[in-house]
Number of protein chains: 2
Amino acid sequence: MFPTKEDIHGIKRRAVLQEAAASFNLKGFHGTSMNEIAASLGVTKAALYHYFPNKNALLAGCFDYAMEAAFASLERGRKQGRNGRERLILTIAGYVTELLDELNCCVVLMEEHALEPEDKAKLVQQRDKFERALRALVREGIADGSVAPCDPKLAIFVILGAMNWVPKWFKPSGPWKPEQLTRALSDIFDRAISSSPAAAMVRDVGELPLRPSSERQRSDDASRAPAIRQSIKAVRRDAEAERPARLRAVGKGRVRLR
Amino acid sequence: MFPTKEDIHGIKRRAVLQEAAASFNLKGFHGTSMNEIAASLGVTKAALYHYFPNKNALLAGCFDYAMEAAFASLERGRKQGRNGRERLILTIAGYVTELLDELNCCVVLMEEHALEPEDKAKLVQQRDKFERALRALVREGIADGSVAPCDPKLAIFVILGAMNWVPKWFKPSGPWKPEQLTRALSDIFDRAISSSPAAAMVRDVGELPLRPSSERQRSDDASRAPAIRQSIKAVRRDAEAERPARLRAVGKGRVRLR
DNA sequence: ATGTTAACTAACCGTACGGTTAGCAAACCG
DNA sequence: CGGTTTGCTAACCGTACGGTTAGTTAACAT
């Protein structure tokens, strides 16, 4: 069946959100004007108000999407991981995947000050809940021996910081594919907190094989690949499957609204 | 000798910069108005224009200060470190120290888009130079065996990301002291990239002893403390010594301009 | 005393932004 | 076909912001 009117509306709405998110990441909330967002979509400013009541709602929408992705990833991580460390790493990997793939270039959870008090309260509450869950995973990992003893609060701050920094330098058009980045990030996080002695890391992110292809395995890759790498792939697959197909159509290319 | 007029001017100028930096970190460049900065200093907006020609110069000043600190830290790290990994970690530790101690609550090197083209070009050039130097340290470390094989670009992105995230959650009034934070951060970064098998990390940042005090050593602390911890203290000391004493007077407390 | 300069304020200016309004054109629906 | 809704534009409004100006106060120098 062809997309209904509501489908079209939803797709365009998502496109607006995507464009706004990219711009907020690049120039900040206050540094982005409604005119600019509209122009990037080939439309005038007033058109945006058909999809969102005001600028703040745009920001709130970004946060909503990010938090949805966060909790979905958390659930997948909890299911697939076999110990605290795996659950944590898989959650992070899923989250990065989702934001990178879908929202084009993730949403940084800064600029919450710009939200209306109610929206802000909601966001802060959700974000804190997510962070608490992550810290709990670290503690689980310490308890079950998969994570080296450390300060869970600091460990999560470090991981989230590295993650939230990604949109500042990652360019989808660059040499690294999201898939490679997810893997390499997971590796380094894993190494930072793992209790097992000094796992190997990815040596060259751009050289990571993109698919479970039959090409020759690189010596620094799957040779001593931990089982978690299969889980990361599974998490990525699941995340993709959970997205309605029609939303995937928005994909990477710029969407013209008119 | 009592502070001369120029001293006073310099101190106030620094106070303005500090207030601006704190506000830029909290609410972003565009989210901060000159009126707000002035009000926080107990002064009217026009007064600020005695110290800086315009708002952009304020931002450029923050960046200048940060980059100065960056290169000073790099030099100290290079001198004090005995291998690539130590030089890297000491550089990072010095940088964090400097920004946390002096600029009250570091400057995030975002929002470079808001700069005038010339200022931006200068900043980008310097920042890239710094990042290249850090990556070079990673490569040195891999070569001399102190750093585990990894992608230097990614490793530095991760470390810088975690570092730049600090101002988003660190409150000088909170339970963690800058000194403790520096140590704990260094620990976790060290662990992420070190070639030696799984060093121990700080378990509770807030419990770290603040001075080389004579109080009982905690079991998770100095017992197997690597020599680098002494170097971190040395780097912190040097950084402090290099700052002119009169600037230290600005310190933490809010400075009223009038 | 007197002139000079630095530090600051109150009031103002131009503009760019978020948001609104009125209206047009095409699509949809009976 | 006619009536209604949807998606958009052009033009406009109020305001808050960056920056300027003119003038006041006080410190300092001679």
Side-chain angles (χ1 to χ4, degrees), chain A residues 1-17 19-20 23-24 26-62 111 113-117 119 250 255-258, chain B residues 1-17 19-20 23-24 26-62 111 113-117 119 250 255-258:
Chain A
M1 184 184 166
F2 276 130
T4 73
K5 218 153 183 200
E6 286 82 30
D7 288 340
I8 301 263
H9 189 87
I11 290 174
K12 289 188 178 179
R13 202 184 126 97
R14 175 65 52 107
V16 171
L17 202 63
E19 190 61 42
S23 213
F24 292 163
L26 191 63
K27 302 187 282 188
F29 177 73
H30 295 285
T32 303
S33 76
M34 293 297 268
N35 258 326
E36 285 173 347
I37 299 174
S40 297
L41 294 161
V43 125
T44 62
K45 177 177 58 168
L48 302 183
Y49 289 86
H50 278 255
Y51 301 98
F52 293 88
N54 53 47
K55 197 186 179 189
N56 281 295
L58 228 39
L59 184 60
C62 292
E111 310 247 27
H113 55 272
L115 288 170
E116 302 289 334
D119 289 335
V250 184
V255 173
R256 299 241 121 200
L257 253 62
R258 190 106 213 230
Chain B
M1 186 183 166
F2 276 131
T4 72
K5 221 155 183 196
E6 286 82 30
D7 287 341
I8 300 264
H9 189 86
I11 290 175
K12 289 190 177 181
R13 201 185 127 97
R14 175 66 53 107
V16 171
L17 202 63
E19 189 61 43
S23 212
F24 292 163
L26 191 64
K27 303 187 282 190
F29 177 73
H30 294 286
T32 302
S33 76
M34 293 296 270
N35 259 324
E36 286 172 346
I37 298 174
S40 298
L41 294 162
V43 125
T44 62
K45 176 176 58 169
L48 302 182
Y49 288 87
H50 278 257
Y51 301 98
F52 292 89
N54 53 46
K55 198 186 178 189
N56 281 296
L58 228 38
L59 184 59
C62 292
E111 310 246 28
H113 55 273
L115 288 170
E116 302 290 336
D119 289 336
V250 185
V255 172
R256 299 241 124 201
L257 253 62
R258 188 114 212 223

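Treat the numbers as computed from the prediction; the structure is a model and nothing was measured. What's counted below: heavy atoms across the whole structure, side chains too, no hydrogens, waters or symmetry copies. So that the names make sense, note that chain A is the first sequence line, chain B the second, and so on, each numbered from 1.
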Taking all non-hydrogen atoms of both residues into account, name the closest pair between [X] and [Y] and its distance.
X      : Y     : result
A/G31  : B/H30 : CA-CD2, 3.3 Å
A/F52  : A/L17 : CZ-CD1, 3.7 Å
B/L58  : B/V16 : CD1-CG1, 3.9 Å
B/A114 : B/L59 : CB-CD2, 3.9 Å

Distance test, side-chain N/O of A/H9 to OP1/OP2 of D/dT6, below 4.0 Å | no
Atom-to-atom span, [atom1] of [X] to [atom2] of [N] - whole angstrom:
X     : N      : atom1 : atom2 : value
A/F52 : D/dG7  : CZ    : P     : 14 Å
B/I8  : D/dA26 : CD1   : P     : 17 Å
A/H50 : D/dT5  : NE2   : P     : 15 Å
A/L41 : D/dG7  : CG    : C1'   : 14 Å

ring-ring contact (aromatic ring centres under 6.0 Å, His included) with B/H9: which residues, sequence neighbours excluded?
-> B/Y51
Any chance you could list the contact pattern along nucleotides 18-23 of chain D? Use B for base contacts, S for sugar-phosphate-only contacts and - for none, protein heavy atoms under 4.0 Å, 5' to 3'.
-> BBB---
Passing candidate, side-chain contact (heavy atoms from CB on, under 4.5 Å) with A/M34, options A/N54, A/L48, A/T44 | A/L48
